[in-house]
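The structure appears right after this line, and notes come after that.
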Amino acid sequence: MVTIITTSDAERKMLADAGYADPAINYYLEKKYMGYIENADQVSENVGSCGDTMKVYLKIDDNHLIKDVRYEITGCAGAISAAMAAVDLVKGKTIDEALKINDGDVFKVLENIPEKKHHCIQLAVKTMHKGLQEYRAEKVV
Ligand code: FES
């Protein structure tokens, strides 16, 4: 009998073996906030210490609530899962609330990623904060 392992099953196993917990793996495989927002209110870019790049697209309503966020990422599984988790943490929040979200909050949502990937969480959070700060500076809110 031949057992077929799908790409996604194989990837899931590789990530689990590397130290990614289930929530982190799901965020990485689903990539639900990857892409861009046409007519975004703010687009900001950031480069991590590893040289990888993230671009964040923000949609913010008249009450300064974060309606939607998308990321474009040239980075690793850690970066992608962290960015997707960061979006779930800030959606529907005010700019002030979103600026308080830190690496530890994202790590809690992911439950675990390899230690060597913790700087990737930092890149996701820093990029989000940069976008919010640049939006605020331009719109004077
Ligand atoms: Fe560059 Fe993770 S974002 S190694």
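In listed order, ligands and their atoms are each counted from 1.
Annotation for Lys31: atom NZ counts as buried by contact number, over 12 foreign heavy atoms lying within 6.0 Å.
In this structure, Gln42 and Glu138 have side chains that are in contact, with non-hydrogen atoms separated by less than 4.5 Å.
Only protein N, O or S atoms were scored, and 2 of them lie under 2.8 Å from atom 2 (Fe) of ligand 1.
Among residue pairs with one or both ends in residues 96-107, those qualifying as side-chain hydrogen bond (donor to acceptor under 3.5 Å, both in side chains) are Thr94-Glu97, Asp96-Arg136; sequence neighbours excluded.
In this structure, Lys55 is not positioned above the aromatic face of Tyr57 in the sense of NZ or CZ being under 6.0 Å from the six-membered ring centre and within 45° of the axis.
Of the charged side-chain nitrogens involved, at least one lies within less than 4.0 Å of a carboxylate oxygen, so that Asp17 and Lys13 count as a salt-bridged pair.
In summary, of the residues considered (Ile60, Asp61, Ile66), a side-chain contact (heavy atoms from CB on, under 4.5 Å) with Asp41 occurs for Ile60 alone.
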